[in-house]
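The block underneath contains the structure these notes are about, expressed in structure tokens.
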Amino acid sequence: MSQTHSPVADAWTPAQLQAVIDAHSRMPGAMLPTLHAIQDRFGFIPDAAVPMIAEALRHTRAEVHGIISFYHHFRTHPPGRSVIQICRAEACQSVGSRQLEAHARKALGIDYHQTTPDHEFTLEPVYCLGNCACGPSVRVNDDVYGRMSPEQFDQLTDELSATVVEVK
Amino acid sequence: MAITLYVPRDTTARALGADRVAARIERGARARDVALNLVRNGSRGLFYLEPLIEVDTPEGRVAYGPVTPGDVDALIEAGLFEGRQDHALSLGLTEEIKYLKRQQRLTFSRIGITDPVSLEDYTALRGFEGLKKALSLDSQAVVDEVKTSGLRGRGGAAFPTGIKWQTVHDQPPGEKYVVCNADEGDSGTFADRLVMECDPYMLIEGMTIAGLATGADQGYIYLRSEYPLAHDILDEAIERAVAAGYLGDNILGSGRTFHLEVRLGAGAYICGEETSLLESLEGKRGLVRAKPPLPAIEGLFGRPTVVNNVLSLAAVPFILDQGGQAYADYGLGRSRGTLAIQLAGNVKRGGLVELAFGTSLSELMEGFGGGTLSGRPLKAVQVGGPLGAYLPQSQWDNPIDYEGFAAFGGVVGHGGVVMFDDSVDMGDQARFAMEFCSVESCGKCTPCRIGAVRGVEVIDRIRAGESADKNLVLLTELCETMVDGSLCAMGGMAPFPVQSVMQHFPDDLTPRQAATAGGTTC
Ligand SMILES: Cc1cc2nc3c(=O)[nH]c(=O)nc-3n(C[C@H](O)[C@H](O)[C@H](O)COP(=O)(O)O)c2cc1C
Ligand code: SF4
Ligand code: FES
């Protein structure tokens, strides 16, 4: 499968941030669409965006911080080139996701919410990907993988690292 | 003449390699100079057979599955393009596959048959007939048809949909909203996803009818961010429906208006609770609102709002097209129509099973599911998502309907059935229920916010053998406090799985298990 919407976790300028904010600030209930747009574009929500959002959407900075931290999806640090989410929910547990997550942490040498030192991978928990008849389920960027064994996990991360090398 | 071949494009088929299978088939056809019309259809919901590919033949569509990319060349050699049935993966006529044939598909009548975004496919199978009917009636008559159907909300609370619509209908004219709850957070459920990925116009049609019935001209689909493919497909379908005049201003020349937009959630289970969802749509943290006021009276931006689950709305086009009575003819007791059961977890034949209410769990798990995937004995089943009880064998013969399940403490919820074999440690499952609640609590009320954290600690102590008896009493009391004192069903029901483990699997919650204890943190 292709790697779509791979987050590009680097460059942003205040002008770019402002442009994204301005493109969304007038819709009703603009906060989540704005935050999504920023994260989709830059891979995370830079601290510098908070006062800009607060100003545009007429909130306090504390409110904006509160909203960002309420939602698990939003990150405030740049992620690795591939964000790997492992499903921790019950249907996947019943077919071995607990072993898979233990393996993944060990293989990548990181815990949930961490990024490998080489910035290749960020590991995140997720609670259901809607693939519950064919777990354990894993999502990498926008692709979902089913029936994921520890061996297949290693193969997948190898392939993802290889892709990164090619891209460079 | 070109051969028409179907390779599904839903999340599960793709998670199992459907895109690579499609690419191999196209390559094989090119190499053999075969004119191929490759359709990326929706899934039939027979996930144990995915990727399930089909070929048009004069007798009907024939199927093959589960197909891996490595099978493709051999399949072609064995006459795939001619629809020959010699290969070991041949399944015969799709419609004759028992798992499918034994279902009663009212809502899911089109999935897997059509190209999800093709309006032509949709209208060829009675698509938008319900909308046309609704446009010919006055709004009260539309509400009445839904009342006649006996449809109850499929999102969990099972509230009668027609009565909810009536309340919004009866509010004075002005800004009103239809909000589709597509947060589908329950583990073991994927029926909403199937609707959105495989038959999105059905949801669009159902929401438009809800708008006509209640006087709302703006709709939002609140979609969980874990469903990126559903997002793409819905956006494309909405755009096409507007362009073709089924949605937007002046629907089908009627002068009526309904606008629709997808809004993404952001990974918070509690935002599936309807008032939390509305807060989130308004751009705030998803803190649960106290009820009353009901969303039907003061909902989104303080205006009257219909909030319905995807499946509730998806049932509406059938009800308008065929009549409420045709839907009510199915079912058991006060549970009318069909239920989308989702067989998940440790199951040999997982997938979507749409049947009238009244089937037993055993029939589903054995007759359809074929038992566990591992082949080991089934030990427990969790029905109704992470807030549902774990049911032991003695409860598997009860027919599934809302009242019948409630009578023994079960939850039908959104219809997810998650099976566990005998290797499961129910102590782990009890701990996870509390852990999940602690991660996902909105934090507004103490019994849930603090109780869930305490619950994890107490279970850890029991399993470590620290004053186990005393701590079991503590756990019992803690569960009761959460059930009685929580503002919403998150804290109010999170103890259900824990209590069911204490009651039915007490051996798994003893210090004996201490050697293997220790969940994970996150
Ligand atoms: C913690 C919690 C999570 C919920 N999650 C969902 C969900 O993901 N999808 C859903 O449709 N309803 C969910 N509900 C139920 C909704 O609050 C509400 O009852 C439903 O959207 C109403 O639509 P319906 O009448 O069509 O079922 C949840 C409720 C609670 C308490
Ligand atoms: S029970 Fe939990 S989720 Fe519900 S309102 Fe209270 S803290 Fe929020
Ligand atoms: S529980 Fe893992 S995909 Fe649903």
Side-chain angles (χ1 to χ4, degrees), chain A residues 1-2 4-5 27-36 39-40 57 59 63 66-74 85 87-98 101-102 105 111-113 124-135 137-139 141-148, chain B residues 11-12 14-17 19-20 47-48 50 184-190 192-193 225-230 263-269 280-286 300-301 342-347 350-351 373-374 382 386 416 418-421 424 428-429 432 436 439-440 442 519-520 522:
Chain A
M1 266 182 273
S2 65
T4 46
H5 303 286
M27 51 203 306
M31 183 62 76
L32 264 66
T34 304
L35 295 174
H36 272 297
Q39 181 156 310
D40 285 353
L57 303 188
H59 278 64
E63 280 168 343
I67 293 164
I68 294 171
S69 61
F70 181 87
Y71 294 98
H72 303 306
H73 177 81
F74 296 127
Q85 296 185 316
C87 176
R88 296 193 73 223
E90 291 88 342
C92 286
Q93 291 166 5
S94 76
V95 286
S97 66
R98 284 196 177 88
E101 58 182 349
R105 288 166 153 157
D111 212 328
Y112 283 130
H113 308 296
E124 289 180 354
V126 67
Y127 297 91
C128 195
L129 294 164
N131 185 47
C132 328
C134 301
S137 308
V138 167
R139 176 176 170 187
N141 304 331
D142 274 357
D143 290 328
V144 176
Y145 299 83
R147 297 261 182 259
M148 181 66 64
Chain B
T11 293
T12 288
R14 295 183 65 202
L16 299 171
D19 289 353
R20 279 176 295 136
F47 289 144
Y48 66 105
E50 291 293 358
E184 194 162 64
D186 289 2
S187 167
T189 65
F190 41 73
D192 294 350
R193 177 179 70 69
S225 57
E226 291 84 348
Y227 285 178
L229 183 60
R263 287 292 178 92
L264 276 192
Y269 178 77
S280 183
L281 261 182
E282 291 180 6
K284 306 175 196 152
R285 290 181 294 155
L300 186 64
F301 304 118
Q342 297 132 83
L343 288 179
N346 198 327
V347 57
L373 178 69
S374 61
Q382 186 177 35
V418 179
M419 294 160 58
F420 291 81
D421 74 12
V424 64
D428 280 348
Q429 300 312 119
F432 179 80
F436 182 71
V439 173
E440 299 294 341
C442 86
T520 46
C522 78

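Chain naming here is simple, since letters A, B, ... match the order of the sequence lines and numbering starts at 1 in each.
Side-chain polar atoms of T11(B) and N131(A) form no donor-acceptor pair below 3.5 angstrom. There is no side-chain donor-acceptor pair under 3.5 Å between Y71(A) and S225(B). A side-chain donor-acceptor contact under 3.5 Å links Q93(A) and Q429(B).
Per-residue counts of heavy-atom pairs under 4.5 Å with chain A were compared for F432(B), F420(B), Y227(B); the largest is that of F432(B). Of the listed residues (Q342(B), E440(B), E50(B), R263(B)), the one with the most heavy-atom contacts under 4.5 Å to chain A is R263(B). Of the listed residues A102(A), S69(A), G135(A), A91(A), the one with more heavy-atom pairs under 4.5 angstrom with chain B than any other is A91(A). Per-residue counts of heavy-atom pairs under 4.5 Å with chain B were compared for H59(A), R139(A), R147(A), M31(A); the largest is that of R139(A). Interface summary for chain A: among G188(B), S374(B), A268(B), A230(B), the most heavy-atom pairs under 4.5 angstrom belong to G188(B).
Considering only residues two or more places apart in sequence or on other chains, Y48(B) meets the ring pair (Phe, Tyr, Trp, His ring centres under 6.0 Å) condition with Y99(B). Listed by chain and number, the residues in a ring pair (Phe, Tyr, Trp, His ring centres under 6.0 Å) with H72(A) amount to none (sequence neighbours excluded).
Only the side chain of F301(B) comes within contact range of chain A, with heavy atoms under 4.5 Å apart. Interface residue L281(B): only backbone heavy atoms are found under 4.5 Å from chain A. E184(B) does not touch chain A: none of its heavy atoms, backbone or side chain, sits under 4.5 Å away. Heavy-atom distances place no part of D192(B) under 4.5 Å from chain A, backbone and side chain included. Of the atoms belonging to P33(A), it is side-chain heavy atoms, and not backbone ones, that fall under 4.5 Å from chain B.
Within the 4.5 Å cutoff, side-chain heavy atoms of S280(B) are placed close to those of L32(A). Considering only heavy atoms from C-beta on, P386(B) comes within 4.5 Å of E90(A) through its side chain. Between R14(B) and Y145(A) the shortest side-chain heavy-atom distance does not fall below 4.5 Å.
Taking SG of C128(A) as the reference point, atom CG of D186(B) lies at 8.0 Å (rounded to 0.5 Å). Once rounded to the nearest 0.5 Å, the distance linking NZ of K284(B) with CZ of F70(A) reads 12.5 Å. Atom OG1 of T12(B) is separated from atom CG of L129(A) by 10.0 Å, given to the nearest 0.5 angstrom. Between C132(A) atom SG and R193(B) atom CZ the span is 8.0 Å, to the nearest 0.5 Å.
Considering all non-hydrogen atoms of both residues, G345(B) and V95(A) come closest at O-CG1, 3.7 Å. Across every non-hydrogen atom of H36(A) and A266(B), the tightest pair is NE2-CB, 4.1 Å.
If you look at Y127(A) and F436(B), their ring centroids are closer than 6.0 Å.
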Criterion side chain to side chain contact (heavy atoms under 4.5 Å, CB included) on E226(B) and V144(A), from CA distance to verdict: CA-CA 10 Å; E226(B) 291 84 348; V144(A) 176; over 6 Å; no

Step-by-step side chain to side chain contact (heavy atoms under 4.5 Å, CB included) determination, L16(B) to C134(A): CA-CA 8 Å; L16(B) 299 171; C134(A) 301; 3.8 Å; yes

